[in-house]
Undergrad: 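Quick one: the structure is below, questions incoming.
Just so you know, ligand 1 is whichever comes first in the structure, and atom 1 is the first atom listed for that ligand. The basis for the numbers below is simple: all heavy atoms, side chains too, and nothing from hydrogens, waters or symmetry mates.
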Amino acid sequence: LVEASYNRIHEVDDQIGAFLTLDEENARSQAKQLDAAPDQQARLFGIPTGIKDNIVTKNLRTTCGSQFLRNFDHPLYNATVVDKLDVEKNVTIGKLNMDEFAMGSSTENSSFTPTRNPWNTAHVPGGSSGGSAAAVAAGEVLFSLGSDTGGSIRQPASFCGVVGMKPTYGRVSRFGLVAFASSLDQIGPLTRRVDDNARVLEVISGIDQMDATSANVAVPSYTDALTGDVKGLKIAVPKEYLGEGVAPDVKEAVMNALKVYEQLGAEWEEVSLPHSDYAMAAYYLLASSEASANLARFDGVRYGERSDNSDNMMDMFKYSRSEGFGDEVKRRIMLGTFALSSGYYDAYYKKAQQVRTLIRNDFESIFENYDVVIGPTAPTPAFQIGEKMDDPLTMYTNDILTIPVNLAGSPGISIPCGFSNNGLPIGMQIVGKAFDEHTVYRTAYAYE
Ligand code: GLN
């Protein structure tokens, strides 16, 4: 499997650009050791894996898609998720491209190379986990890990026709995930199929002493959820998720999927999430504020690059950051610093937190009467490379359907549900109650 994975990478990754770093020598020798001692118990025995490059891997370069960390070759430890995969004897093949510090929706903000959509290389794979989605879609690895702050697992999964899960906030340890917006970030799996996804999430879930925000909630067997039975399941379809701005072919694909659920014995009804309109504004304030604080650690001293163009400490901080960060990262740091500055805190950050509570309440009241919420993952299929790069605000609107789910903290999966008029995959999002990934997988598997 490991051989096949590298063969495929050498065959196609020149055109796709999913990988930033390969760990070929290590992976091969690990595979040899595994072959010498087959282990029936190991749940991911020998499975070729790709890891998003903001998840720390011991002694394997971890760049976050940023020039700032281009020489961060020897992280000292593994993220908890990487250790958990290791216990089940997976093989890490390499590190996957992403928008710089996970800020973006197309992987064009990577400061190394854009990744291309394997279905049509003139199009983006989505982002920020674009490398993670493209590598799975192109058959370069059997699964990958991504991270999702406002949609960065689900939107690229949707654009690349694969399955991507953002678990409940707190379900998976964030220890070793380079923080973007700590109150929103979650790690999750990208796979070809729903059952594989459930298997991987089962391995990486659970409380972790190293992450105080990881939750002490029992992890059920997600694979037990794969029954195909959705009789009596109650589905809510928010009218705000099928409104203006959602492409007709996307709408049609989701409506067709709802018909399939009807045939399987589930019921669906239109509902309203009245505060959806405010989600994007609240998210960009909160995420940028948290990012401005989290990214303060990149100062030219502790990690990565240090500018040579200075002869005093303040200039050294300043030049290291000006030279090391790309435009989008700078934009977010400035926005966040402004929003948190004294005198503005109540008007911006506090207000955004209040909106966040309203959005969470919207979901909670829906979940009093329904098992899952279904809608499109993204308003459009994959757009063209370059199409949205001059206008950050249009880029931001691509996450309008995924962001509310992060604000609410709920689990959400994107699964393929058809193709657009121009032959690109369309994804459908299934959102569940907090810590009810089980029902999300049951719903997803029945459709697949
Ligand atoms: N596209 C969104 C942003 O740029 C979401 C990113 C993410 O989920 N990491 O913030």
Side-chain angles (χ1 to χ4, degrees), residues 52-55 64-66 96-111 114-115 124-133 144-160 164-167 169 172 174 177-190 279-292 294-295 325-336 339 352 356 377-380 382-383 387-389 391-414 427 429 431:
K52 187 176 182 181
D53 213 17
N54 58 353
I55 297 174
C64 294
S66 181
L96 293 161
N97 198 19
M98 56 184 283
D99 287 302
E100 187 174 10
F101 288 103
M103 297 169 185
S105 308
S106 67
T107 316
E108 291 164 293
N109 291 338
S110 163
S111 65
T115 297
V124 302
S128 65
S129 312
S132 301
S144 64
L145 295 184
S147 71
D148 190 314
T149 305
S152 280
I153 290 173
R154 289 159 290 157
Q155 185 257 21
S158 156
F159 281 14
C160 291
M165 174 66 138
K166 182 202 86 76
Y169 184 78
V172 175
R174 293 184 296 110
L177 170 66
V178 177
F180 164 11
S182 316
S183 76
L184 299 161
D185 300 340
Q186 270 292 292
I187 295 171
L190 293 102
M280 218 177 71
Y283 168 85
Y284 276 98
L285 266 165
L286 295 169
S288 304
S289 298
E290 293 183 25
S292 73
N294 277 325
L295 270 57
F325 290 138
D327 288 349
E328 184 61 27
V329 175
K330 287 177 184 160
R331 191 177 292 128
R332 307 272 181 121
I333 291 173
M334 287 190 283
L335 180 62
R356 179 178 192 167
T377 306
T380 63
F383 44 89
E387 197 181 319
K388 295 188 198 279
M389 273 310 267
D391 184 358
L393 280 182
T394 350
M395 186 75 91
Y396 294 175
T397 58
N398 216 262
D399 295 314
I400 200 153
L401 307 171
T402 45
I403 278 173
V405 182
N406 299 74
L407 291 172
S410 313
I413 200 169
S414 178
Q429 177 174 226
V431 182

Undergrad: Applying the side chain to side chain donor-acceptor pair (under 3.5 Å) test to Ser128, which of Ser105, Ser152, Ser106 qualifies?
TA: Ser152
Undergrad: Taking all atoms of both residues into account, what is the closest heavy-atom pair of Asn54 and Ser147, and its distance?
TA: ND2-OG, 3.0 Å
Undergrad: Might you list the protein residues in contact with ligand 1, defined as having a heavy atom under 4.0 Å from one of its atoms, sorted by chain and number?
TA: Ala102, Met103, Gly104, Ser105, Ser128, Asp148, Thr149, Gly150, Gly151, Ser152, Phe180, Tyr283, Tyr284, Arg332, Asp399
Undergrad: Any side-chain heavy atom of Leu145 sitting closer than 4.5 Å to one from Lys52?
TA: no
Undergrad: How about Thr377 and Ser414: does a side-chain donor come under 3.5 Å of a side-chain acceptor?
TA: yes
Undergrad: Where the side chain of Lys166 meets the backbone of Thr149, is there a donor-acceptor pair that is under 3.5 Å apart?
TA: no
Undergrad: Thr394 side chain to Asp391 main-chain N or O, any donor-acceptor pair under 3.5 Å?
TA: yes
